[in-house]
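Predicted, not measured: the structure shown is a model, and the values here were computed from it. Position 1 is the first residue of the sequence; numbering continues from there.
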Amino acid sequence: MLTSKPVCVTGASGFIAAHIVRELLARGYRVRGTVRNNPKSYPFLLSLPGATERLELIEADLLSSGAYDRAVEGCEYVMHTASPYQLNVKNPQRDLVDPAVNGTENVLESCLKAGGVKRVIFTSSIAAITDEAESNKVFTEKDWNTMSSLERNPYHYSKTLAEREAWDFIMRKRPSFDLVTINPFMVIGPSLGPSLNTSNQMIRDIMTGVYPCTMDLNWGFVDVRDVATAHILAMEKPEASGRYLCSAESLHLKDIVAILKSSGFGNYPLPKIDLSSKAGSLLMMALSYTQPRDTGTYIRNNIGRTMRYDNTKIRRELKMTFMEIKPSILESVADMQKWGHLPLPKQPKSCSSSCCCQS
Ligand code: NDP
């Protein structure tokens, strides 16, 4: 074990952070997690194996200056994962950018004040690398998203500004700690807590008729347990440095629908019409204007293009191996059913004597 001091995990109640907490406890670490509400309201964290002896939860909000002083005090390693992950918000500056950017600055300031911090592992995102696929380009850690704004993909914008703030902080203040960022693509898998994460919600949307058709969109996917492992490897390996693009494999929307169909979920209202052709993409471009603003922008910037990225750095330097994504999708489905996020599909009514097909 690297440290006998507590490892601080901000936003411990989150989908990814809860898995980081679980894995840190499983490896024998002491953990200090920050949450937004009374710690007693997180029984799913407090009942993790090892939690009674080694997990402490304390309240902190990203927007309150000094809020993380107590959380990072006496810690050598800090995992900063807390940040709003929502699309289609009312006020992007207030709801996304301010908590992401000011929160990052607050956490880093607290680390600076605490004195003994050696490394901050920051949960960034593919969103800080790009918000659009470019079919002829392979994205790497060298790329930065320069396109997003408050009007265009504001979630991506908030993640880009927050990661930039973190690197600028290191340049400006030259603290005794270094910074390593994990930049995951779409994170899926089972949730330890009752909330439905925005990325798993996409699978639920595919299964509940929100997408009437498949279209030529694709994403990189990574299982949440692998993302947690990546954070811990980034902490444990002294040679880890810089950014790590974290994604296992890419799938098209059509592939996901095919996996669901072939795995016995054909009774859900999966998309029936296939608009993955060139003509379909043109139609979807037009239809994207009928979608909520941020979803529409995302469709227009990505439809008909293939997202290519290189995950060599994380595999080589952190020795990451990734789980296959198909089982991960199916576990996400089972998990959403377990938590009540995914209602069972309506069964066709059995025929009665008055049914029209009897006549
Ligand atoms: P969640 O929404 O599950 O977790 C977000 C966490 O941030 C929650 O603990 C939330 O607290 C906390 N948070 C939000 N706003 C505040 C605030 N004002 N003050 C304190 N805490 C706050 O999302 P994920 O677990 O998916 O995301 C974790 C991180 O990973 C984020 O930085 C996200 O951008 C990044 N990421 C996620 C990806 C994904 O596909 N899921 C992909 C790439 C990056 P509360 O529970 O109280 O709301």
Do the charged groups of R225 and E331 touch, with an N to O distance under 4.0 Å?
yes
Please step through salt bridge (Lys or Arg N to Asp or Glu O under 4.0 Å) for the pair E109 and K173, ending with a clear verdict.
CA-CA 10 Å; E109 281 292 353; K173 309 247 171 155; 2.6 Å; yes
Can you tell me which residue among H231, E163, K159 is in a side chain to side chain donor-acceptor pair (under 3.5 Å) with T123?
H231
Is a donor on one side and an acceptor on the other found under 3.5 Å between the side chain of S110 and the backbone of N106?
yes
Pair S332, D335: side-chain N/O donor-acceptor within cut-off below 3.5 Å:
no
Within the distance-only criterion (no hydrogens, no angle test), does the side chain of R32 pair as donor or acceptor with the backbone N or O of R70 below 3.5 angstrom?
yes
Could you tell me whether K313 sits above the aromatic face of Y244, with NZ or CZ closer than 6.0 angstrom to the six-membered ring centre and within 45 degrees of the axis?
yes
Less than 4.5 Å apart, side chain to side chain, heavy atoms only: is that true for E76 and V117?
no
Flag the pair K90 and D95 as a salt bridge only when some basic side-chain nitrogen lies within less than 4.0 angstrom of an acidic carboxylate oxygen.
no
When you measure from the centre of the six-membered ring of Y42, is the NZ or CZ of K40 under 6.0 Å away and within 45° of the axis?
no
Please determine which of N197, I256, L87 meets the side chain to side chain contact (heavy atoms under 4.5 Å, CB included) test together with M202.
I256
Using a strict threshold of under 4.0 Å (side-chain N to carboxylate O), is an ion pair present between R305 and D216?
no
Could you verify whether a donor N or O on one side chain and an acceptor N or O on the other, from T10 and Y68, lie under 3.5 Å apart?
no
For T198 and Q86, which I'm curious about, is there any donor-acceptor pair between the side chains at under 3.5 Å?
no
Using distance alone, with no hydrogens and no angle criterion, decide if Y29 and E236 have a side-chain donor and acceptor under 3.5 Å apart.
yes
Taking P271's backbone N and O only, do any of them form a donor-acceptor pair with T214's side chain (distance below 3.5 Å, no angle check)?
no
Verify the cluster assignment for V97 and Y298: are they in a single hydrophobic cluster under the rule of side-chain heavy atoms below 4.5 Å apart?
no
My understanding is that only one of I206, V333, L344 makes a side chain to side chain contact (heavy atoms under 4.5 Å, CB included) with Y268; could you say which?
L344
Centroid separation under 6.0 Å, is that true for the rings of F221 and F185?
no
Strictly by modelled atom types, are S125 and N183 linked by a side-chain donor-acceptor pair under 3.5 Å?
no
Is NZ or CZ of R300 both nearer than 6.0 Å to the six-membered ring centre of Y289 and within 45° of the ring axis?
yes
Classify the ring geometry of H80 against F122: parallel below 30°, tilted from 30° to 60°, perpendicular beyond 60°.
tilted
Same cluster or not: I126 versus F322, using hydrophobic residues (I, L, V, M, F, W, Y) connected whenever any side-chain heavy atoms lie under 4.5 Å apart?
no
Between the side chains of S148 and N153, is a donor N or O closer than 3.5 angstrom to an acceptor N or O?
no
Report yes or no: does H341 contribute a side-chain atom to a donor-acceptor pair with the main-chain N or O of Q337 at less than 3.5 Å?
no
Using only heavy-atom distances, determine whether the side chains of E165 and T104 contain a donor-acceptor pair under 3.5 Å.
no
Quick one: does NZ or CZ of R243 land under 6.0 Å from the six-membered ring centre of W144, within 45 degrees of the ring axis?
yes
Using a 3.5 Å distance criterion without hydrogens, assess whether the side chain of S64 forms a donor-acceptor pair with backbone atoms of A67.
no
Would T34 and E59 satisfy side-chain hydrogen bond (donor to acceptor under 3.5 Å, both in side chains), going step by step from the backbone distance to the final call?
CA-CA 5 Å; T34 72; E59 280 182 57; over 6 Å; no
Quick check: does any side chain N or O of W339 sit under 3.5 Å from a backbone N or O of L192, one acting as donor and the other as acceptor?
no
